[in-house]
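Note on naming: letters A, B, ... go to the chains in the order of the sequence lines (proteins, then strands), and numbering restarts at 1 for each one.
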Amino acid sequence: MSASIPAKVRDRAARLRDQIADANHRYHVLDEPNIADVEYDKLMRELEALEAEHPELVTPDSPTQRAGAAPSGAFTEVHHEIPMLSLANAFSDEEVADFVRRIEKRLDAADLEFSVEPKFDGLAISLRYEDGIFVRGATRGDGETGEDVSANLRTVKSIPLRLRGSGWPRVLEARGEVYMPRAAFEKYNEHARETGGKVLVNPRNGAAGSLRQLDPRITARRPLAFYAYAVGVIEGVELPARHSEMLSRFREWGLPVSNLVSVAIGVDGCLEYFRGMGAKRDVLPFDIDGVVYKLNDLAAQRELGFVGRTPRWAIAHKFPAQEQQTRVEDIIINIGRTGAATPAAKLVPVFVGGVTVTNATLHNADQVARLDVRIGDTVIVRRAGDVIPEVVSVVLDQRPVHARPWKMPAHCPVCGSDIVREEGEVVAHCTGGLTCAAQRTQALFHFASRRAMDIEGLGERFMAELGELGYVKSIADLYKLSLDGLLEMKRRADERDGTTPETAKSGKIATKWAQNLVTAIDQSRRTTLARFLYALGIQHVGESTAKALAQWFGRLDLIRHLPWPILKAVPDVGGEVARAIDHFFAQSGNQHAIDELLKRGIVIGDEHAPNPKLRAALALEQVLTSMEIPGLTQKRSAQIAIAAGSLEKVTKAPQQLWLDAGVPTDVAERARAHFAQKDTQELLRRCIRAMGEVLDCVEDDDGESVGPLDGKTVVLTGTLTSLTRDEAKEKLEALGAKVAGSVSKKTSFVVAGAEAGSKLDRANELGVEVWDEARLLVFLRAPEARK
DNA sequence: ATGCCTCGAGTTCA
DNA sequence: CTCGAGGCAT
């Protein structure tokens, strides 16, 4: 049949096939390329041309056969003559030790040698070679029967189509793992995302899905690789004595074997290998989910045999899974203190990364949309470097037909108010405010939290109960709670929940509990301005902003009435934050709650005069620029401020004065029009009043306002470690102290840092109190504690 | 406008 | 711990 083909052509084709196979082997198996890509392409093209001209030349092992044939109908079944094993799993050192001990006992031997190998996270397959030629490849299936995926496997470059060297058996079934290298996976997905193609969930699913493609041309585009790790059928060659030798033979025959395989002695050797791999795991170019220990002696393996379908002589030692699949039972909404509506996935409990995970946050609607998570979906959950579980992706193949895309509900599941997502914002908010039980509970919880009012014993659950039963509707109600009230509440809660007398706290314990709580509440009455402000839970006001406000304004009665342009004078407080504070205090309910709190004995121990720097910060120009009138720049604001003399006068300044101050006509017009608006006038009135008020206080700093360091003179010396000298000075000044440069007998105390010199000596001489840095820090945290 | 940088807010499980 | 947003410097 091929007689018509000249021997020369035939030889050339054979030579090309050899060269290409060799290049392939070097590149994909040995990782030592010997020819350039262009050269390789050239050889391929030449071979393709020859084969096109003489189709009879095409052999099953020709590299041109890798490209992928046209789709076949379906996969045919393949019976594995020697079943493909599954391994028992070990998850702890104990289980490994048991495994080794069992073998030692059965064989009556010690210090056994194991072939130790990484456990690739891919898909187990079997490759059949007859007379050195790849004839068939199959998936494992159930171990007995798999599917013929030869066409797909031909596209995997690291699988040789013909064995190399000599001495290979007449028939060989090599078993191993098809996997997708991480880099290839990333690259593939990146491309898929750009082109809108199918994004793979993870490398393992990528490998599995690829092999099950009916169209091998698709598989050819998936970057798969292969490692051999076991032998099935072998005919015509003597088996070596040890498994590790078998793997070496594989290498000689051109089958890729991981260079991470090794040999270990006894349990200790195995475990050492396990830890080594665990440490390397993250930097490996492919995913592994554990390691496998195989008794190295093949004769001994035969002796041990099987239990069911798993061999007694091998075990897989698994890493704690960092990724698991589970099902989304529901997607719920959590309402936070600020009303933020955060979707969370309720999961069928799954053990991942050492803990059982039942919830995973989905962050926001965008994230849900990005992942397209739907109720009923199977998802991949990860607990990576950090602790918090996250949904990585959806396994689309397993999506129930009826699953519908998830949408943020229009109404709050707790209070029924509208849920609104502002233009350009990522988070949606429940508009219920404090009428929403969820927000109220969270607000109360926040108020009582350690960094706020620090009331011990008020957990979130209990707070919810107090709210539900109507005992606490607002933060002020917390200070109404009495011993009897608490006990009564406890009783009612137990009744309602159907708690039996045995499980309910008995009278004495309940009394003790209530007493402790009352004491804790009582102790919390004395607090600092910063804590108090923080406790109020004003939007955007966290701990540090609260501190800044406290330090700069010093007094609650000031802060609670300040218009936002004045609040904005504080560093790090911008328009957004200032408006939020203004808005908070503009609600009469909030003002009322504060009045109530003060009435019920809240004492702010560290009120003091405003920071003198406010004087500069409150310059007219700052207030004017905060009006954000187009064209009214800082410079022009300053000019008109100087020309007019006071804020009040600016607002009433005639057109001419603006022009004299160098403000262009159109800007002046705009400003005057702006000032004429009703709400602007109201705001300006408040600003005018507030500026006067604040400035009065600043001037009055040895007047009635009493800071804890009022009238004290402090001297700083040495190097402070946790804060700069300037910061310390600022803080002390904000508390009313005068920070002087040298020690005299008028000095109240000296703060001495490291390497304090002459000033410390002089302080000792004069008998002036000396603080170390630690004491200063304690004081700065809670200045009310002592003066 | 644009890019740090810090602060606020939300989150899981034992 | 991480993300988003606000503040501020460039």
Side-chain angles (χ1 to χ4, degrees), chain A residues 320-322 324 326 331-371 379 381-392 408 414 421-430 436 438-439 441-447 449-452 459-461 530-531 533-552 564-565 567-584 617 622 625-626 628 630 633-634 723 727:
Chain A
Q322 47 180 14
Q324 281 288 328
T326 187
I331 296 177
I332 58 155
I333 300 291
N334 287 316
I335 304 293
R337 167 167 66 87
T338 59
T342 5
K346 282 268 163 216
L347 306 169
V348 175
V350 63
F351 195 72
V352 44
V355 294
T356 308
V357 170
T358 53
N359 292 305
T361 177
L362 294 167
H363 297 114
N364 53 55
D366 280 3
Q367 173 78 354
V368 180
R370 214 174 303 136
L371 294 167
V379 292
V381 179
R382 179 197 296 160
R383 257 184 108 225
D386 60 330
V387 196
I388 295 173
E390 58 171 348
V391 172
V392 183
M408 179 68 77
V414 179
R421 179 170 164 187
E422 296 295 332
E423 192 72 34
E425 301 246 301
V426 176
V427 276
H429 286 269
C430 159
C436 178
Q439 288 189 57
T441 304
Q442 300 270 328
L444 286 166
F445 180 60
H446 169 78
F447 182 82
S449 67
R450 193 169 49 83
R451 307 170 91 87
E460 203 180 329
R461 279 266 306 280
R531 273 175 177 274
L533 288 171
Y534 174 60
L536 292 175
I538 304 166
Q539 310 258 338
H540 299 123
V541 178
E543 255 185 309
S544 82
T545 308
K547 269 184 199 150
L549 289 169
Q551 270 166 29
W552 283 78
W564 65 263
L567 291 161
K568 203 169 161 289
V570 175
D572 296 335
V573 173
E576 202 69 29
V577 177
R579 269 184 282 265
I581 300 167
D582 191 345
H583 179 251
F584 177 89
Q622 194 264 331
T625 40
S626 73
E628 280 163 16
T633 57
Q634 174 140 24
L723 72 177
E727 282 167 347

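When each of C/dG6, B/dT11, B/dA9 is scored by its nearest atom to the side-chain atoms of A/Arg337, the top-ranked nucleotide is B/dA9. The side chain of A/Asn334 has B/dT11 as its nearest neighbour among B/dT11, B/dT12, B/dG8.
Annotation: side chain to side chain donor-acceptor pair (under 3.5 Å) contacts involving residues 345-359 of chain A, sequence neighbours excluded, comprise A/Lys346-A/Asn359.
Within the structure, every side-chain polar atom (N or O) of A/Thr338 is placed at least 4.0 Å from both OP1 and OP2 of B/dG8. Between A/Thr356 and B/dC13, a side-chain N or O to OP1/OP2 separation shorter than 4.0 Å is absent.
Note: CD (A/Glu460) to P (B/dG10) measures 11 Å, nearest angstrom. A/Gln367 has its CD atom 17 Å from the P atom of B/dG10, to the nearest Å. For the pair A/Leu362 CG and B/dT11 P, the computed distance is 11 Å after rounding to whole Å. Whole-Å rounding puts the A/His363 NE2 to C/dC1 C1' distance at 10 Å.
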Atom pairs, protein N/O to nucleotides 8-10 of chain C N/O, distance under 3.5 Å:
residue : atom : partner  : partner atom : Å
C/dC8   : OP1  : A/Asp572 : N            : 2.6

With 3.5 Å as the limit, what N/O pairs link the protein to nucleotides 3-5 of chain B?
none

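Across all strands, A/Val357 comes closer than 4.0 Å only to sugar-phosphate atoms, never to a base (heavy-atom distances).
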Extract all donor-acceptor atom pairs below 3.5 Å that involve side chains of residues 334-341 of chain A and protein atoms in other chains or at least two apart in sequence.
none

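With sequence neighbours excluded, the residues that form a side chain to side chain contact (heavy atoms under 4.5 Å, CB included) with A/Asp366 are A/Asn364, A/Arg370, A/Arg421, A/Val426. Annotation: side chain to side chain contact (heavy atoms under 4.5 Å, CB included) contacts of A/Ala443 (sequence neighbours excluded): A/Leu434. For A/Glu425, the salt bridge (charged side-chain N to carboxylate O under 4.0 Å, His left out) criterion is met by no residue, not counting sequence neighbours. In this structure, the side chain to side chain contact (heavy atoms under 4.5 Å, CB included) partners of A/Glu543, at least two apart in sequence or on a different chain, are A/Arg451, A/Tyr534. For A/Phe445, the side chain to side chain contact (heavy atoms under 4.5 Å, CB included) partners are A/Glu460, not counting sequence neighbours.
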